[in-house]
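Read the numbers this way: they start at 1 and go in the same order the structure lists the ligands and their atoms. As a basis for the values below, the full set of heavy atoms in this structure was taken, side chains included, without hydrogen atoms, waters or symmetry mates.
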Amino acid sequence: MALIVHKYGGTSMGSTERIQNVAKRVAKWAKAGHQMVVVPSAMSGETNRLLGLAKELAGNAHSDAHLRELDALAATGEQASSALLAIALQAEGIPAVSYAGWQVPIRTNSAFTKARIESIDDQRVRADLSAGKVVIITGFQGVDPEGHVTTLGRGGSDTSAVAVAAAMKAAECLIYTDVDGVYTTDPRVVPEARRLHTVSFEEMLEMASLGSKVLQIRSVEFAGKYKVPLRVLSSFTPWDIDINEEAKSGTLITFEEDEQMEQAIVSGIAFTRDEAKISVIGVPDKPGIAHKILGTVADANIEVDMIIQNISKGGLTDFSFTVNRNDHARAMDLLKTKVLPELGAPEVLGDAKICKVSIVGIGMRSHVGVASKMFACLSAEGINIQMISTSEIKTSVVIDEKYLELAVRALHKAFDLEQNQA
Ligand code: ADP
Ligand code: ASP
Ligand code: MG
């Protein structure tokens, strides 16, 4: 008998029929003798629907007071799906109880809409498990020190599940989703993408941070920090498949590099449309410029990703960087009103129609020429690279958004990632 955490994403919880299916699957695990904690997402589309309603009413609000209400609103999606799952389990004859984040409690900081989990009190959950109940804990949410409901950022239920698994020292955390594992790239963009049986923690961390939304990055960070055994698998297999077969399906995130692991130089391709580019043109090339521009942006709590400063011509230079697309308008505004007048820089240009495409693989450490193969492939497709950034195990480029699919498909082929390889 083991303590197991299951997480079910929005599509897996997308209708009463699907919730019933989840209940039958969880009941199968409980009947096999496991102590079960289940972390569901809101039913698919619900978080978007709620946030859409808020947008209709909000105008240009950015205040903390506004963000607080967004979290109070968005958290209701998971509360509903959790209670529905408890009801469905009870209908299967399985004692079950659902808790909202604040009832556990899952304690977070006060960064509304992107709160971080600080601690989880497991007493109440343990008591229920000992009494033979399945415990359902809402994904995506917690409570701050003042008792305000917080949410963990989009896709945050993955993080809730892994954090609960870490706090309770679960034997395994199983992330059930609408694909049957982690693929070499998003299988919805490249149908030839191949499922990985295992993926190293480091590669998964890079893929998640570079845009593969199959796992939220913080969930991977938690798994690494607390060594939580983590598996991504399908919720769409028949609920009554053999439990041992199910437990071995999907993709396992591994923490050790062993010989068994797939040793490709490039293991996967990640991409994101979530970024936007800002260029400040004609900046005087003198000390303190980067600090003036980026410091102002950072003070407004806007994260900067890639940065490029061109060589100067006639004492002037151009300075470009990328930010999250949601922060683009705010960052442009700040630069125009606060920075340009002081710098005497003539112009700031914004481009939200960009995307970032990245190749990831721990094999890149020991191979030279991987990045240049990437550039050659993009050039053969006539795709212009606007920015580049590299680390030991990844190379990322910023390109025009309209070439996203073309770039990902071409790179997938160039690095031999298709199904019939390996
Ligand atoms: P859930 O609602 O279960 O959390 P998400 O939509 O957040 O599901 O994440 C699953 C989706 O992630 C898949 O449907 C797939 O389109 C996308 N995805 C992106 N990159 C990958 C990848 N490398 N492997 C598998 N899925 C990926
Ligand atoms: N419901 C939240 C979202 O849509 C959290 C999640 O699904 O993980 O972002
Ligand atoms: Mg998700």
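Contact annotation: Gly77 has no heavy atom less than 4.0 Å from any atom of ligand 2. Remark: distances from the non-hydrogen atoms of Gln216 to ligand 2 are all 4.0 Å or more. Using a non-hydrogen distance threshold of 4.0 Å, Gly156 registers as a contact of ligand 2.
Of the protein's heavy atoms, Lys7 NZ, 3.0 Å lies nearest to atom 4 (O) of ligand 1. Nearest protein neighbour of atom 11 (C) of ligand 1, counting heavy atoms only, is Asp178 OD1, 4.0 Å. Among all protein heavy atoms, the one lying closest to atom 2 (O) of ligand 1 is Gly10 N, 3.1 Å. In terms of protein heavy atoms, atom 15 (C) of ligand 1 is closest to Asp186 OD1, 3.3 Å.
Of the listed residues (Glu92, His6, Lys31), just one forms a side chain to side chain contact (heavy atoms under 4.5 Å, CB included) with Val26, and that residue is His6.
Counted by atom type alone, Thr237 and Arg25 present one or more donor-acceptor pairs between their side chains at under 3.5 Å.
With respect to Lys7 and Asp158, a salt bridge is recorded, a charged nitrogen being found less than 4.0 Å from a carboxylate O. A salt bridge does not link Glu203 to Arg365: none of the charged nitrogens lies less than 4.0 Å from a carboxylate oxygen.
Nearest-heavy-atom check against atom 1 (N) of ligand 2 across Gln141, Arg154, Glu78 picks out Glu78.
Only side-chain heavy atoms of Pro187 come within less than 4.0 Å of ligand 1; its backbone N, CA, C and O stay farther off. At a heavy-atom distance under 4.0 Å, no atom of Arg154 approaches ligand 1. Of the heavy atoms in Arg188, only side-chain atoms (C-beta onward) come closer than 4.0 Å to ligand 1. At a heavy-atom cutoff of 4.0 Å, ligand 1 is contacted by both the backbone and the side chain of Thr177.
Considering backbone and side-chain N/O atoms, Ser41 never comes within less than 3.5 Å of an N/O atom of ligand 1. No N or O atom of Ser12 sits closer than 3.5 Å to an N or O atom of ligand 1.
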